[in-house]
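Just below is one structure, and these are the notes that go with it.
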Amino acid sequence: MFGDFDLNALMEQAQKLQSDLQAAQEELGNQSFTGTSGGGLVSITLSGKGDMQSVEIKPEAVDPDDVETLQALIVAAFRTARSEVDAATAATLPDLPSMPGMPGMPGLGG
């Protein structure tokens with residue numbers, strides 16, 4: 001059905017990909033990514049897994065009469081940190097290899 005399709009080679013390639021993926025995820029999980037907003041008034045640090053590790057809010061960002069601005073700064077800092085995590089994830093994870101004999105499957109020879 002697949003011609004010269006070598007199942008053993010495919011299994012070895014899949015195992016190596018899984019091992020590479022696990023190593024990349026562990027490496028990424030050990031990193032921290034910080035997003036800031038308001039010129040550094042709010043900083044949020046996320047792990048490479050996207051878990052929040054810390055939030056820093058400078059006193060001058062706190063105005064009881066303007067809570068909405070502080071909320072927006074927190075959201076913006078989180079989004080910046082999350083973008084950093086996403087970019088690092090995309091750069092760190094190994095590319096899916098092309099697998100001959102698997103037409104029509106993106107990243108799998110298609």
Residue pairs meeting side-chain hydrogen bond (donor to acceptor under 3.5 Å, both in side chains), one or both in residues 55-66, sequence neighbours left out, come to D66-T69
Rounding to 0.5 Å, atoms CG (N8) and CD (Q13) come to a distance of 12.5 Å
**Asked** Where the side chain of S19 meets the backbone of Q15, is there a donor-acceptor pair that is under 3.5 Å apart?
**Response** no
Taken to the nearest 0.5 Å, the spacing of L10 CG from E12 CD works out to 10.0 Å
Rounded to the nearest 0.5 angstrom, the CG-CD distance for L46 and Q31 is 12.5 Å
Run the side-chain donor-acceptor check on residues 34-45: report pairs under 3.5 Å with partners two or more places apart or on a different chain.
residue	atom	partner	partner atom	Å
T34	OG1	T45	OG1	2.9
S37	OG	L73	O	2.6
T45	OG1	S54	OG	3.4

Practice problem: Might you work through the side chain to side chain contact (heavy atoms under 4.5 Å, CB included) test for M52 and F78, ending with a clear yes or no? | Solution: CA-CA 9 Å; M52 192 176 301; F78 177 83; 3.9 Å; yes
Closest non-hydrogen atoms of Q53 and S32, given as atom of the first, atom of the second and distance, are OE1-OG, 2.8 Å
query: So L28 and F33, side chain to side chain contact (heavy atoms under 4.5 Å, CB included) or not? Walk me through it.
result: CA-CA 10 Å; L28 191 61; F33 300 88; 4.0 Å; yes
Closest heavy-atom pair, K49 versus R82, reported as atoms and distance to 0.1 Å, is O-NH1, 4.2 Å
Sorted by chain and number, sequence neighbours left out, salt bridge (charged side-chain N to carboxylate O under 4.0 Å, His left out) with R79 holds for none
